[in-house]
There are 2 protein chains.
Amino acid sequence: MTSVDEPARPNGRIRDAARTQAEILDVATQEFARAGYDGARVDEIAARTRTTKRMIYYYFGGKEQLFTAVLERAYGVIREAEQELDVEHLDPVAAIRRLAELTFDHHEQHPDFIRLVSIENIHDAAHIAGSEKLGKIGSPALDVIRRILATGQESGLFTADVDAVDLHAMISSFCFFRVANRHTFGALFGRDLVDPAQREHYRAMLGDMVIAYLTAERAAG
Amino acid sequence: MTSVDEPARPNGRIRDAARTQAEILDVATQEFARAGYDGARVDEIAARTRTTKRMIYYYFGGKEQLFTAVLERAYGVIREAEQELDVEHLDPVAAIRRLAELTFDHHEQHPDFIRLVSIENIHDAAHIAGSEKLGKIGSPALDVIRRILATGQESGLFTADVDAVDLHAMISSFCFFRVANRHTFGALFGRDLVDPAQREHYRAMLGDMVIAYLTAERAAG
DNA sequence: GCTCTAATGTACGAACCAGTACGTTAGCTA
DNA sequence: TAGCTAACGTACTGGTTCGTACATTAGAGC
């Protein structure tokens with residue numbers, strides 16, 4: 001998340017529309033991720049900003065639109081990260097493993113984003129559905145997977161009958177669950193899935209799983 | 001969820017503590033799953049019951065305790081289902097596949113439960129942590145996995161370095177994500193992970209993935 | 001049939017909270 | 001430097017929502 005740093009003026013208002021909006025988005029992201037959509041408090045967001053509640057309504061229109069804006073920015077960050085993907089110089093197996101690992105890292109580094117997505121699912125993705133921006137955001141990662149998968153399948157290296165979207169779902173499910181369900185899983189089974197000491201273990205597990213799946217010998221069917 | 005059927009008395013109060021409590025839990029489960037903890041309305045729960053809000057407080061104490069009670073019952077249902085597991089007569093590969101499929105089926109059949117778990121994670125599993133019942137609920141499935149895994153690893157059939165909890169996490173992550181993230185995934189990638197027409201595809205994908213992972217030849221390490 | 005209590009209903013209060021009416025000012029432009 | 005507008009602040013409101021005080025009664029036990 002683009003953090004906003006302060007010009008450190010003692011007191012007296014400063015006018016900076018872009019900064020104010022960014023600051024509201026920063027704080028709103030934290031607050032929504034902390035408490036969910038209905039649990040989040042507009043007053044609380046305002047209080048933790050250098051501006052007032054009035055400005056939230058001035059710039060965003062309302063709580064609902066603010067949440068949509070938060071989602072839009074959060075997905076934008078992902079999209080940017082995905083555009084940095086540089087794995088296609090590797091052989092298909094290494095490329096997929098690397099891609100899975102980068103997904104793993106990204107999910108781990110953005111727990112607030114994971115929470116926002118969980119929250120959005122509780123609301124049946126209504127905000128995504130209502131957002132023009134998010135409707136056509138696409139996914140660079142998906143294109144990368146598609147190309148690697150094609151190469152691997154053509155060469156006979158990958159035997160699995162999956163397309164890019166399915167593979168993306170498989171990778172995401174592992175990475176997402178690990179972060180999103182960390183608390184219930186930890187409370188019920190006494191194991192912290194995000195324990196740093198186990199990080200490499202789970203990272204390898206993901207890669208092994210995906211590669212094993214893609215390259216397994218299948219029974220004739 | 002244990003549904004409550006009505007003795008169909010025309011009007012005039014009937015007294016039945018157990019039925020009233022069960023009915024409150026039924027409706028509360030739906031309402032919490034629908035809207036999240038903060039989005040859920042106690043008045044709404046009461047309205048959809050044959051009793052009044054007063055009784056919710058009489059029996060459960062408050063909204064927070066009601067949610068905990070809802071979670072306790074929901075996890076109880078899972079636990080019961082897991083106790084029905086009967087796969088240990090199969091060979092390890094078939095047993096694990098069958099177990100994964102049953103997890104798949106159970107998640108699909110209980111979307112409300114999935115939502116409750118997501119919601120509970122947004123609240124950092126605070127209710128589970130505060131519940132005596134849930135603290136020691138355990139998991140019969142875990143014991144089953146442990147035994148199958150041991151058999152498979154002893155025989156050299158399973159090469160993967162995982163324990164039961166990790167394998168449970170792997171299976172759950174796929175099943176959970178498919179249901180929990182259905183909405184955002186569908187909205188962003190245009191694919192409904194719970195489309196009945198694709199059900200067998202994803203069910204097979206899960207089994208293939210887990211078995212491929214467990215039985216893959218590993219590089220010496 | 002009397003009594004006693006668990007079970008139930010009604011009506012209300014107090015706090016909270018999203019959103020707004022109204023007033024002010026920084027700082028750009030002419 | 002006058003004027004104008006985007007940017008901002010204050011104070012409030014109206015509806016909502018959790019929770020409760022108080023009143024009532026079904027029906028078990030004797």
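Separating the CG atom of B:Asp38 from the P atom of C:dC17 is a distance of 9 Å, rounded to the nearest angstrom. In this entry the distance linking CZ of B:Phe60 with P of D:dT20 reads 16 Å, nearest Å. Going from atom CE of B:Met55 over to atom C1' of D:dT24 covers 13 Å, rounded to whole Å. Taking atom NZ on A:Lys63 and atom C1' on C:dC17, their separation rounds to 9 Å, with Å as the unit. The distance from atom CD1 of B:Ile24 to atom P of D:dC18 is 15 Å, rounded to the nearest whole Å. Rounded to an integer number of Å, the gap from CG of A:Asp43 to P of C:dG19 is 11 Å. Atom pair B:Asp16:CG and C:dA7:C1' shows a separation of 11 Å (rounding to whole Å applied).
Within 4.0 Å of A:Ala40, counting heavy atoms only, lie sugar-phosphate atoms of the nucleic acid but no base atom.
Residue B:Tyr57 places no side-chain N or O under 4.0 Å from the OP1 or OP2 atom of D:dT20. Side-chain N/O atoms of B:Arg54 include none lying less than 4.0 angstrom from OP1 or OP2 on C:dG9. Taking 4.0 angstrom as the limit, B:Thr51 places none of its side-chain polar atoms (N or O) nearer than this to OP1 or OP2 of C:dA7. Regarding contacts with the backbone of C:dT8, a side-chain N or O of B:Tyr59 is found under 4.0 angstrom from either OP1 or OP2. Here A:Thr52 does not reach the OP1 or OP2 of D:dT10: none of its side-chain N or O atoms lies under 4.0 Å away.
Considering only the side chain of B:Arg41, D:dC18 comes nearest among C:dG9, D:dC18, D:dC8.
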